[in-house]
Asker: 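I'd like to ask some things about the structure below.
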Amino acid sequence: MALKRGVNRIRGGGGGSRSAFILLVFVCVFAPLVFVVGRGVYIDSSNDYSNDSVKQDLDWRERLAMKSLRSLFSKEASVLDVITASTADMGPFSLDSFKKNNFSASWRGVDTSVRNSQNQTTSSVMNAKRDITSKGGSHQKAETPAKFYRRQLREKRREMRANELVQRNDDTILKLENAAIERSKSVDSAVLGKYSIWRRENENDNSDSNIRLMRDQVIMARVYCGIAKLKNKTELLQELQARIKDSQRVLGEAATDADLPRSAHDKLRDMGQVLSKAKMQLYDCKLVTGKLRAMLQTADEQVRSLKKQSTFLAQLAAKTIPNPIHCLSMRLTIDYYLLSPEKRKFPRRENRENPNLYHYALFSDNVLAASVVVNSTIMNAKDPSKHVFHLVTDKLNFAAMNMWFLLNPPGKATIHVENVDEFKWLNSSYCPVLRQLESAAMKEYYFKADHPSSGSSNLKYRNPKYLSMLNHLRFYLPEVYPKLNKILFLDDDIIVQKDLTPLWEVNLNGKVNGAVETCGESFHRFDKYLNFSNPHIARNFNPNACGWAYGMNMFDLKEWKKRDITGIYHKWQNMNENRTLWKLGTLPPGLITFYGLTHPLDKSWHVLGLGYNPSIAKKDIQNAAVVHYNGNMKPWLELAMSKYRPYWTKYIKFDHPYLRRCNLHE
């Protein structure tokens, strides 16, 4: 009756009374439910009641409460229906679930799908707990849903946080790897004899663990040997030395664990025992540290010495001529002088000075290399009869060069061979570089091994090409070919893969030299070749100016004469008497002489680096008109990189009688 009076008051009241009505509904509905839930939990923790009786008790009390309330209210029937549906869906723990899902601050913002999955998980867990409790007879209090939900949420938060940290760690590692790759690009890995930590055995951490362990043992044994000498531990010293010899004998030339003999594990064990004994008797942190530091310094000095020796040997191998090529030159020379003078003449002599034809300049003392340049050019030319090759060599190879092309004429193309020693105008009074090469100071610079400046950086200049006028003749093209208007200059370490006649149609825009630029972001610029600490260089040139390459250059000889290019070259060559502006070679004076007078050609005309760079893209090589083996690893040497050599050897007929007699093969 009191409940009816309260309801009547609420119905007659205003907006404030409705909130009181809601409160009354909660009290009337959830008070019995609280009792039911509490009773259910109590039953769950005891062994006197079964699960079926609990469920019947709960259902009976809920129906009784709803029936009493429905008889009291009419307008609020919809509210009671919602409450009934909610309590029926949420099970016997609906009160706690309702409170947690709507009023608990710790559960706000949680996705509805998460709540539903947690509710399902909770029901299954609680049912499982009831089964375990009824079977095992345990009287421990079960975990409440609130604690279970909080624990699950904590676990999910930890998992999400761990995933975030792993992702961040992966991103950081990726950035570090990319940075390392970028740094590695600036390392010249092709230098012979260069020490690198990226050795083969480090590719797989587990591939040579025993080998590395044995090497580490040998190092520590040597450390203890030194300390044993200091402390007069003769017996231990002898034992250590014996174990070192055994380990070194087992190691031999092994690179991986698979190369080790079966006795390796026994040697590892024996050495480990001796090292343990030595550690007990001899270990002193200060002594061990000092000994390791001394060994490190000694090893560093040995690496430097071997690196310098390796560089010297590489330079020596690069400047030597292989025996087969020397044999070829000698045989050709003998046969040339057996010919009558009438048979020593080339046909089509009238084409030599015809400005309407395509003229090439090739200065070389290597017969085989020159033949490859000519053959590759003619094989890829559309009309070989319009091509004229002007070859200049020295007196030692003049006869051999003539004989080769007399025996192997390049189709309808014209060949002209000259001897540089017969150019009477090319003397020391006219040519500054020739005067400098004949000076005593230059000879000492080249040939004195104990000269202060004869370090590893100077070894590359101890090449005969720097002493040969064939290398400097490129600065005198109008004097050598006075009746020509344009000429394409080619080095002897290139091959031609496309027709080059379109180069004669390229507009040089009033420039003298057409060449492919070689500058990148920070290399092959002027400051790499010239001494910008010298005021003459600093005042006249830009250190960031882009460099270009010799090897394939189109020269406009008319503009050359008009701008007196040879005079500019002489001026700067005289200023470099003491090599204060640049070292040696022809590229630095070329950059100076043609500064502001070079027209950049498309990079596909000329691809460089096959003599030193192992990472040139195959697509770039195949698309190039001219491929250049600049560097020490020339294709005719054993130093050549095997993957690049086939581009060169395909223009050689190895079944030629002269080549077979001199053992020249692929």
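Keep in mind that the numbers below use all heavy atoms, side chains included, and drop hydrogens, waters and symmetry copies. In this text, all values refer to a predicted model and were calculated from it rather than measured experimentally.
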Asker: Donor-acceptor pair, distance only, cut-off 3.5 Å: does the side chain of K498 make one with the backbone of N623?
Answerer: yes
Asker: Just wondering, are more than 12 heavy atoms of other shown residues or ligands nearer than 6.0 Å to CZ in R262?
Answerer: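 Incorrect, the count does not exceed 12.
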Asker: Under 3.5 Å, side chain of K528 to main-chain N/O of P543, donor-acceptor pair present?
Answerer: no
Asker: For N210 and H265, indicate whether the former's side chain and the latter's backbone hold a donor-acceptor pair under 3.5 Å.
Answerer: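 Not a single qualifying donor-acceptor pair exists.
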Asker: Nearest heavy-atom pair of G272 and Q217: which atoms, and what distance?
Answerer: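 For G272 versus Q217, the nearest heavy atoms are N-NE2, 3.8 Å.
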Asker: Do the side chains of V626 and V607 get nearer than 4.5 Å, heavy atoms only?
Answerer: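 A side-chain contact is absent here, since even the closest heavy-atom pair is not under 4.5 Å.
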Asker: Closer than 3.5 angstrom, by distance alone: can the side chain of D421 be matched with the main-chain N or O of K395 as a donor-acceptor pair?
Answerer: yes
Asker: Got a sec, which residues hit side-chain contact (heavy atoms from CB on, under 4.5 Å) with T593, two or more places apart in sequence or on another chain?
Answerer: F475, I565, I568, Y569
Asker: Quick one, F541 with W572, criterion ring-ring contact (aromatic ring centres under 6.0 Å, His included). Give me CA distance, side-chain angles, the key distance, then yes/no.
Answerer: CA-CA 13 Å; F541 305 101; W572 286 99; 5.3 Å; yes
Asker: If every non-hydrogen atom of W636 is compared with every non-hydrogen atom of P322, which pair is closest and at what distance?
Answerer: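 That closest heavy-atom pairing would be O-CG, 3.6 Å.
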Asker: Listed by chain and number, what are the ring pair (Phe, Tyr, Trp, His ring centres under 6.0 Å) partners of H628, not counting sequence neighbours?
Answerer: H606
Asker: Ignoring hydrogens and angles, state whether a donor on the side chain of D394 or N397 is under 3.5 Å from an acceptor on the partner side chain.
Answerer: yes
Asker: Are the side chain of N630 and the backbone N or O of L608 linked by a donor-acceptor pair below 3.5 Å?
Answerer: no
Asker: Identify the two heavy atoms, one from C431 and one from H570, that lie closest to each other, and give their separation to 0.1 Å.
Answerer: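 C431 and H570 have their closest heavy atoms at CA-NE2, 4.3 Å.
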Asker: Got S364 and T393 here, is their nearest side-chain heavy-atom distance under 4.5 Å?
Answerer: no
Asker: Heavy-atom count around K571 NZ within 6.0 Å, excluding the residue itself: above 12?
Answerer: no
Asker: Under the side chain to side chain contact (heavy atoms under 4.5 Å, CB included) rule, what do M552 and I494 come out as? Steps first, then yes or no, please.
Answerer: CA-CA 9 Å; M552 188 211 72; I494 64 107; over 6 Å; no
Asker: Begin from the C-alpha positions of Y595 and F526 and carry the test ring-ring contact (aromatic ring centres under 6.0 Å, His included) through to its verdict.
Answerer: CA-CA 10 Å; Y595 183 66; F526 271 44; 5.4 Å; yes
Asker: How close do R661 and R331 get, counting heavy atoms only, and between which atoms?
Answerer: NH1-NH1, 3.9 Å
Asker: May I ask you to check whether over 12 heavy atoms, not counting those of K245, lie within 6.0 Å of atom NZ?
Answerer: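 Not buried by this count: 12 neighbours or fewer within 6.0 Å.
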Asker: Any chance CG of N323 has more than 12 other-residue heavy atoms, nucleotides or ligands included, within less than 6.0 Å?
Answerer: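 Counting neighbours around CG of N323, 12 or fewer heavy atoms of other residues, nucleotides or ligands fall under 6.0 Å, so no.
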Asker: Please examine the side chains of T289 and C285, heavy atoms only from C-beta on, and report whether any two atoms are closer than 4.5 Å.
Answerer: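 A side-chain contact exists here, since the closest heavy-atom pair is under 4.5 Å.
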Asker: Are the side chains of R474 and F489 in touch, meaning some heavy atoms are under 4.5 Å apart?
Answerer: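 Yes - at least one pair of side-chain heavy atoms lies under 4.5 Å apart.
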Asker: Got a second to check how far L639's CG is from M641's CE, nearest 0.5 Å?
Answerer: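 Answer rounded to 0.5 Å: 10.0 Å.
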Asker: Nearest 0.5 Å, what's the CZ-CD1 distance between R249 and I244?
Answerer: 12.0 Å
Asker: Taking atom CG of L530 and atom CD1 of I592, what is their separation to the nearest 0.5 Å?
Answerer: 4.5 Å
Asker: May I ask you to decide if M271's main-chain N or O and R243's side chain share a donor-acceptor pair within less than 3.5 Å?
Answerer: no
Asker: Working to the nearest 0.5 Å, report the span between CG of L610 and CD1 of I621.
Answerer: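 Going from CG on L610 over to CD1 on I621, the span is 4.5 Å.
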Asker: Hey, what's the ring geometry for W548 with Y550, parallel, tilted or perpendicular (30° and 60° as the breaks)?
Answerer: perpendicular
Asker: Please step through side chain to side chain contact (heavy atoms under 4.5 Å, CB included) for the pair Y658 and M403, ending with a clear verdict.
Answerer: CA-CA 11 Å; Y658 278 86; M403 189 64 187; 4.3 Å; yes
Asker: Nearest 0.5 Å, what's the CZ-CE distance between F363 and M469?
Answerer: 10.0 Å
Asker: Would you check if the side chain of Q436 reaches a backbone N or O of Q573 as a donor-acceptor pair within less than 3.5 Å?
Answerer: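 Checked: pair present.
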Asker: Is it true that N578 and T580 share a donor-acceptor pair across their side chains at a distance under 3.5 Å?
Answerer: no
Asker: For the residue pair I616 and Y644, what are the closest heavy atoms and their distance?
Answerer: N-OH, 3.2 Å
Asker: Could you walk me through whether D300 and R304 pass salt bridge (charged side-chain N to carboxylate O under 4.0 Å, His left out), step by step?
Answerer: CA-CA 6 Å; D300 186 54; R304 290 181 183 179; 3.3 Å; yes
Asker: Are N574 and R435 packed together at the side-chain level, in the sense that at least one heavy-atom pair is separated by less than 4.5 angstrom?
Answerer: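 Sidechains of R435 and N574: in contact.
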Asker: Nearest heavy-atom pair of L391 and A370: which atoms, and what distance?
Answerer: CD2-CB, 4.0 Å
Asker: Using the rule given for side chain to side chain contact (heavy atoms under 4.5 Å, CB included), can you reason through L396 versus D365, listing the C-alpha separation, both sets of side-chain angles and the distance that settles it, and then say yes or no?
Answerer: CA-CA 8 Å; L396 293 176; D365 58 359; over 6 Å; no
Asker: Answer yes when D493 and K634 have at least one side-chain N-carboxylate O distance shorter than 4.0 Å, and no when they do not.
Answerer: yes
Asker: How about Y476 and L426: do any of their side-chain heavy atoms sit closer than 4.5 Å?
Answerer: yes
Asker: Output, in order, the C-alpha distance, side-chain angles, deciding distance and verdict of side chain to side chain contact (heavy atoms under 4.5 Å, CB included) for I227 and D284.
Answerer: CA-CA 9 Å; I227 300 176; D284 183 290; 5.7 Å; no
Asker: Give a yes or no on whether the backbone of P635 and the side-chain of R645 come within a donor-acceptor separation of less than 3.5 Å.
Answerer: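 Confirmed, R645 side chain pairs with P635 backbone.
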Asker: Considering only heavy atoms from C-beta outward, does the side chain of M214 approach that of L268 to under 4.5 Å?
Answerer: yes
Asker: Are side-chain heavy atoms of W648 and I495 found at a separation under 4.5 Å?
Answerer: yes
Asker: Give, for atom CG of L368 and atom NE2 of H656, the distance between the pair rounded to the nearest 0.5 Å.
Answerer: 11.0 Å
Asker: May I have all residue pairs that pass salt bridge (charged side-chain N to carboxylate O under 4.0 Å, His left out) and include part of residues 267-282, sequence neighbours excluded?
Answerer: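 Only E239-K277, D266-R269 qualify under salt bridge (charged side-chain N to carboxylate O under 4.0 Å, His left out).
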Asker: Do Q622 and Q497 have a side chain donor and acceptor closer than 3.5 Å?
Answerer: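 No, because no side-chain N or O of Q622 sits under 3.5 Å from a partner of the opposite role on Q497.
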Asker: Using a 6.0 Å cut-off, check whether atom NZ of K233 has over 12 heavy atoms from anything other than its own residue.
Answerer: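 12 or below, so no.
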